[in-house]
Amino acid sequence: MTATTIMPEARSASANLRRNFWRGVWRVMKRKPSRMVGAVIMAGFAFMGVFGPMLYPDRLPRDTSALYAPPSWAHPFGTDFEGTDVLALVVTGSRYVLLTGLVTAVITVVLGAGIGLFAGFRRGRWDSVLMRITDMKLTIPGLPLMLVLSTVWKFTSAIEMGLVLGLLGWGGVARAVRSQTLSLRERGFVEAARGLGLSTPHIIGRELLPSMAPYIAMNMLIAVTGAVYAQVGLFFLGVLPFEANNWGVMLNLAVFGGGALTTTAALPYLLAPLLAILLLTLGIVLVVDAMDEIFNPRLREE
């Protein structure tokens, strides 16, 4: 058989594997309606973060005659202390929050999984050096460091915020991935790959990484929620300048500026971002429930 006939067969086999995988994903998601609900919620937030701000002008309109107006058809979550529609604030503020969460998750998973896989597979000197660096990173207190950085850095960009949170959050993932890699490296399929003389990048990328995919995917989604809580908490506490519209700024202004805890007038202004955070967390939790089954063919067949 010539190479020209092997290549089409290989491409066809690869295409069949991809089709079977996505069919399996669809079956897993349909098996529990809650999983479909989670996927719809996450898709809705993704759409809101990407396209939502385009539906509103750069400077949201204000109605000074309707300060803290109650919920109505015109303003489903009422208005804030400037007469701005609260729903518009939630939608326009979602891009900063979600983009920060995405950047944080990518950096956390790429650094954590990469270091954990390499250290666990190579062991020896590399393992010792990388784990000492990881231990040093885990000893760095995140909140005090963010407080210090906030004195010189305004974090007006979501990418800047995500970069810092990601660099502060990869240590736990690296430790956990290393532990699982130490277990997997003794399995027969890894021993066979090493016996064939395959390179370390090939073994890590083609043998170990697919086995770790469910765990890494779940950590990526969990990192999104952690980043959302971290940035919203920092803005709510007022340790970061209010240079960007996001849900944390809304919570701060509702509690400390509008007295939402003592009066009902500003309560919708407080509940709207809290509801958005709750729904986002719920969507991620429901999708995480399906992750292990999606990546485990034996569970998909049960």
Is any side-chain heavy atom of Q231 less than 4.5 Å from a side-chain heavy atom of M146?
no

I115 and W170: CA distance, side-chain angles, deciding distance, side chain to side chain contact (heavy atoms under 4.5 Å, CB included) verdict
CA-CA 9 Å; I115 291 174; W170 59 267; 3.6 Å; yes

CZ/R132: more than 12 non-hydrogen atoms of other groups inside 6.0 Å
yes

So P268 and T79, do their side chains get closer than 4.5 Å, heavy atoms only?
no

Here the pair of heavy atoms bringing L274 nearest to L270 is CG-O, 3.4 Å

Taking side chain as C-beta onward, heavy atoms only, is L251 less than 4.5 Å from F235?
no

Considering only heavy atoms from C-beta outward, does the side chain of R175 approach that of L138 to under 4.5 Å?
yes

Check whether any side-chain heavy atom of M250 lies under 4.5 Å from a side-chain heavy atom of D80, and answer yes or no.
no

Hey, any chance W126 and V177 share a hydrophobic cluster, counting ILVMFWY side chains that come within less than 4.5 Å of each other, even indirectly?
yes

Heavy atoms of V224 and G101 approach each other most closely as CG2-O, 3.8 Å

Please check if the number of heavy atoms outside M136 that lie under 6.0 Å from its CE is greater than 12.
no

Do F47 and L99 belong to the same hydrophobic cluster, where Ile, Leu, Val, Met, Phe, Trp and Tyr are linked whenever their side-chain heavy atoms lie under 4.5 Å apart, directly or via other members?
no

Side chain to side chain contact (heavy atoms under 4.5 Å, CB included) between I284 and M42, intermediate numbers included:
CA-CA 7 Å; I284 290 175; M42 290 188 62; 4.2 Å; yes

Using side chain to side chain contact (heavy atoms under 4.5 Å, CB included) as the criterion, list what pairs up with S34, not counting sequence neighbours.
K32, L286

Single-linkage hydrophobic cluster V255~L275, side-chain heavy atoms < 4.5 angstrom:
yes

How close do A39 and V287 get, heavy atom to heavy atom, and via which atoms?
N-CG2, 3.7 Å

Taking atom CZ of R122 and atom OG1 of T181, what is their separation to the nearest 0.5 Å?
13.5 Å

Considering non-hydrogen atoms only, spot the tightest contact between T134 and G171 and give its length.
CG2-O, 3.5 Å

Where F118 and L130 come nearest, the two heavy atoms and their spacing
CD2-CD1, 3.7 Å

Any side-chain heavy-atom pair of L102 and L98 under 4.5 Å
no

Grouping I, L, V, M, F, W and Y whenever their side-chain heavy atoms are under 4.5 Å apart, do V90 and L267 come out in a common cluster?
yes

May I ask you to decide if the ring planes of W247 and F45 are parallel, tilted or perpendicular, using 30° and 60° as cut-offs?
perpendicular

Is it the case that more than 12 heavy atoms not belonging to I159 sit under 6.0 Å from its CD1 atom?
no

Give me the atom names and distance for the closest heavy-atom approach of L167 to I107.
N-CG2, 4.0 Å

Drop me the distance from T92's OG1 to M48's CE, to the nearest 0.5 angstrom.
9.5 Å

Working for side chain to side chain contact (heavy atoms under 4.5 Å, CB included), residues T108 and N219
CA-CA 9 Å; T108 298; N219 269 279; over 6 Å; no

Step by step, work out the side chain to side chain contact (heavy atoms under 4.5 Å, CB included) result for L55 and V91.
CA-CA 9 Å; L55 303 177; V91 173; 5.7 Å; no

Could you see if L87 belongs to whatever hydrophobic cluster contains L280? Use Ile, Leu, Val, Met, Phe, Trp, Tyr and a side-chain cutoff under 4.5 Å.
yes

May I ask you to test the L89-F77 pair for a side-chain heavy-atom distance under 4.5 Å?
no

What distance do L145 atom CG and L168 atom CG have between them, rounded to the nearest 0.5 Å?
5.5 Å

For the backbone of G49 and the side chain of R95, can you confirm whether one donor and one acceptor N or O come within less than 3.5 Å of each other?
yes

Nearest 0.5 Å please: distance from the CG atom of L221 over to the OG1 atom of T281.
11.5 Å

